[in-house]
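Encoded as structure tokens, the structure appears first; notes follow it.
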2 protein chains.
Amino acid sequence: MTNIRDLAKMAGVSVTTVSRVINNHPYVSEEKKNAVLKAIQDSNYHKNINAVHLSRGKTLLMGVVLPYSDHPYFALLLKGIAKQALEHNYKLVLFQTDYMKSRELEALDMLKHKQIDSLVICSRSCHVSTIEDHLQYGPIVLCENMKGKELSTTFINHYKTFVNALEYLYQKGHRNIGYCIGRKTGTNSRQRELAYSNFVNKYQLEYNQEYIIDQCLYFEDGEKVLKRILGMTNTPSALIVTNDQVAAGIVTACQSLDISIPKQLAIIGFDNQPIARMMNITSFELPLEEMGENMFLQAVNAEVTHKEFSVQFIERGTV
Amino acid sequence: MTNIRDLAKMAGVSVTTVSRVINNHPYVSEEKKNAVLKAIQDSNYHKNINAVHLSRGKTLLMGVVLPYSDHPYFALLLKGIAKQALEHNYKLVLFQTDYMKSRELEALDMLKHKQIDSLVICSRSCHVSTIEDHLQYGPIVLCENMKGKELSTTFINHYKTFVNALEYLYQKGHRNIGYCIGRKTGTNSRQRELAYSNFVNKYQLEYNQEYIIDQCLYFEDGEKVLKRILGMTNTPSALIVTNDQVAAGIVTACQSLDISIPKQLAIIGFDNQPIARMMNITSFELPLEEMGENMFLQAVNAEVTHKEFSVQFIERGTV
DNA sequence: TTGTAGGCGTTATCAC
DNA sequence: GTGATAACGCCTACAA
């Protein structure tokens with residue numbers, strides 16, 4: 001592997017001149033420049049990026065932490081991040097955690113070891129304090145409502161959105177409302193749980209623990225959800241499903257059991273994915289791609305900011 | 001940021017000794033070792049990985065090229081790769097290409113620039129020769145049948161599998177068989193196309209160009225497919241769908257149009273995903289995760305190998 | 001406009 | 001056991 005010292009020798013110039021040519025710096029005569037260019041041609045020279053990184057103290061690498069990359073919610077966030085990464089000449093290092101703390105720690109470690117410049121955490125397992133401990137090594141962006149902390153955040157108001165969904169269903173006459181989420185822990189889930197319990201209190205409804213169904217991620221989980229609610233002594237008449245894939249799975253499972261939607265079961269999905277349009281599912285549209293883009297930008301600009309994105313309610317046929 | 005030179009000063013030893021302690025090398029007295037350890041404690045020192053990379057000439061980073069990471073086929077390959085990466089202490093750099101050559105070239109460039117040690121390409125857009133040109137910079141693994149080339153490959157026999165699917169449908173009485181694929185180009189698609197045209201010739205059936213439907217990737221594409229075949233003058237009676245998500249989408253679209261499966265339309269899916277089981281779709285199971293694992297291993301072991309994986313036919317209710 | 005020399009942080013060699 | 005010292009490949013004052 002040839003290096004700039006070799007090139008310098010070949011071109012009869014100094015390494016500095018070679019470096020200048022390589023990095024398009026000014027103050028190089030055409031003549032020497034061409035000599036260097038020729039040497040590069042002849043030698044199939046290629047920059048050793050690690051040396052550049054070491055010398056510059058930067059890598060142009062950004063870490064992205066997410067639990068599942070095949071899940072549309074995260075895939076869309078990732079898409080937005082990747083879009084901006086491309087424009088800013090950054091590469092991404094992906095950490096698919098399956099919500100294992102150890103994987104998340106690996107990402108934080110890479111930040112600590114300067115292998116990545118910054119980190120976007122789309123959904124975390126670690127405690128905030130663990131994450132804050134790593135802020136000294138580089139910018140970290142979270143995708144949850146965490147105002148006041150010294151790290152940047154991008155989020156939507158899950159509390160308000162859930163209240164809206166619940167009130168909408170209440171107005172439509174529903175009194176037994178359940179909901180499906182990915183996991184019970186996490187800031188977003190807690191906001192939803194809060195909205196739910198406040199709603200139940202407000203209207204003096206029964207707080208039924210089993211109406212909260214977690215581990216709902218993919219289409220096929222819809223079948224499981226339906227079986228579960230049908231097994232309840234008091235089957236809910238409506239479900240808020242925080243993911244259109246699962247909502248579609250429930251709708252499909254209902255069809256094969258001849259359960260009429262929305263008559264026997266009303267459903268509100270989330271994300272407004274193509275599958276929701278196809279299956280005529282009422283859904284909340286989240287601007288996930290833009291949120292991803294925003295997170296990237298927050299991560300490159302060290303400045304700490306907090307940005308809330310708004311959601312849009314799309315009425316269709318499942319309520 | 002403290003470095004090992006600082007540590008050496010603090011501990012009253014040489015940088016060599018510090019390095020030995022850090023890397024658990026032998027020949028260092030307990031006493032000095034503890035002094036170094038204490039210095040590390042006191043200084044919140046962290047290894048600069050880039051310096052290690054430069055010094056060692058290795059990064060323990062592997063690149064993974066795939067068109068869509070939210071597509072179950074690729075997500076499963078990735079899962080397998082990630083599993084082995086974890087075990088081998090490798091990190092992954094993801095290149096989601098959307099089949100854009102430029103993105104693939106970025107990955108090849110990173111290999112050239114020693115920013116990654118090796119590269120797994122799950123599906124390529126670039127010409128093989130372009131990829132071969134980069135073999136000098138590190139191992140590259142492809143996921144297609146490419147025996148005889150000097151790069152490692154992991155693949156399944158798409159030709160044989162497709163023949164099996166076609167023969168099975170023929171035996172069931174089908175004479176108008178169409179198929180759905182992701183894209184028309186690519187080694188795998190060409191193998192399938194070959195199987196199809198040979199089949200058509202063998203049984204003297206009509207080769208109908210419009211029976212080959214591409215751009216079939218996600219559940220919601222199923223609706224599009226159904227509309228399309230219903231618009232044909234000679235609607236196929238059976239479809240081979242190279243992806244269970246799309247197959248499920250077709251089944252769902254059929255339900256809402258009261259098209260009976262398999263009576264009016266038979267369907268064979270691919271991948272045997274959970275959704276296929278849920279919707280009782282006949283499918284071919286591909287060992288995608290194992291294939292991913294294998295690709296990782298091929299990429300770390302520089303030795304060139306070719307490995308074929310076999311598929312399993314899962315009979316269910318859609319044929 | 002050009003070049004010398006020192007530095008980035010770590011590892012490896014070799015002598016003691 | 002231990003420690004100088006020379007790589008690794010590049011960047012950048014600073015001097016000329």
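Residue numbers begin at 1 in each chain, while the letters A, B, ... track the order of the sequences.
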- prompt: So what does A/Arg56 hit on the nucleic acid, given a heavy-atom distance under 4.0 Å: a base, only sugar-phosphate, or nothing?
  reply: sugar-phosphate
message: C/dT11, OP1 or OP2 - any side-chain N/O from B/Ser19 closer than 4.0 Å?
response: yes
Rounded distance in Å - CG (A/Asn24) to P (D/dT12): 14 Å
message: I want to confirm an ordering. Mapping A/Pro26 and B/Val52 to their closest nucleotides on DNA chain C, which one lands closer to the 5' end?
response: A/Pro26
query: Would you say A/Thr17 reaches C/dG3's phosphate, i.e. side-chain N/O to OP1/OP2 under 4.0 Å?
result: yes
query: Thinking salt bridges, do B/Arg124 and B/Glu104 make one under a 4.0 Å N-O criterion?
result: no
task: Find the distance A/Leu54:CG to C/dT10:C1' and express it as a whole number of Å.
output: 8 Å
field: OP1 or OP2 of C/dT11 under 4.0 Å from side-chain N/O of B/Ser55
entry: no
message: At less than 4.0 Å, is any side-chain N or O atom of B/Lys58 found next to OP1 or OP2 of D/dC8? Yes or no.
response: no
statement: Separation of C/dT10 atom P from A/His53 atom NE2, nearest Å, is 17 Å
- prompt: Any idea how A/His113 and B/His46 line up, ring-wise: parallel (<30°), tilted (30 to 60°), or perpendicular (>60°)?
  reply: tilted
Separation of C/dT11 P from B/Asn50 CG (nearest whole Å): 12 Å
query: With sugar-phosphate meaning primed atoms plus P, OP1 and OP2, does B/Val15 contact a base, only sugar-phosphate, or nothing at under 4.0 Å between heavy atoms?
result: base
query: Relative to each other, are the rings of B/His88 and B/Phe296 parallel, tilted or perpendicular (30° and 60° limits)?
result: tilted
message: Both B/Arg5 and A/Asn3 contact DNA chain D. Taking the nearest nucleotide for each, which residue is further toward the 5' end?
response: B/Arg5
- request: Indicate, with a heavy-atom threshold strictly under 4.0 Å, whether B/Asn23 touches base, sugar-phosphate, or nothing.
  value: sugar-phosphate
- prompt: Is the gap between the ring centers of B/His306 and B/Phe155 under 6.0 Å?
  reply: no
message: Strictly below 4.0 Å: does A/Arg20 bring a side-chain N or O up to OP1 or OP2 of D/dC11?
response: no
- request: Measure distances between side-chain N and O atoms of B/Thr16 and base N and O atoms of D/dA4, and say whether any donor-acceptor pair falls under 3.5 Å.
  value: yes
message: Rounded to whole Å, how long is the line connecting atom CD1 of B/Ile49 with atom C1' of C/dT11?
response: 13 Å
task: May I ask you to verify if any side-chain N or O of B/Lys33 is less than 4.0 angstrom from the OP1 or OP2 atom of D/dG1?
output: no
- line: Of the listed D/dC10, C/dT11, C/dG9, the closest approach to the A/Asn48 side chain comes from D/dC10
message: Expressed as a whole number of angstroms, how long is the span from A/Ile4:CD1 to C/dA5:P?
response: 15 Å
task: Measure the distance from NZ on B/Lys114 to C1' on D/dC10 and round it to the nearest whole Å.
output: 14 Å
- prompt: If you look at every strand shown and take non-hydrogen atoms under 4.0 Å, does A/Ser29 touch a base, only sugar-phosphate, or nothing?
  reply: sugar-phosphate
query: Any chance NZ of A/Lys114 has more than 12 other-residue heavy atoms, nucleotides or ligands included, within less than 6.0 Å?
result: no
- prompt: Step by step, would you call A/Thr17 with A/Ser14 a side-chain hydrogen bond (donor to acceptor under 3.5 Å, both in side chains)?
  reply: CA-CA 5 Å; A/Thr17 302; A/Ser14 73; 3.3 Å; yes
task: Please state how far atom OH in A/Tyr27 lies from atom P in C/dT1, giving the value in whole angstrom units.
output: 7 Å
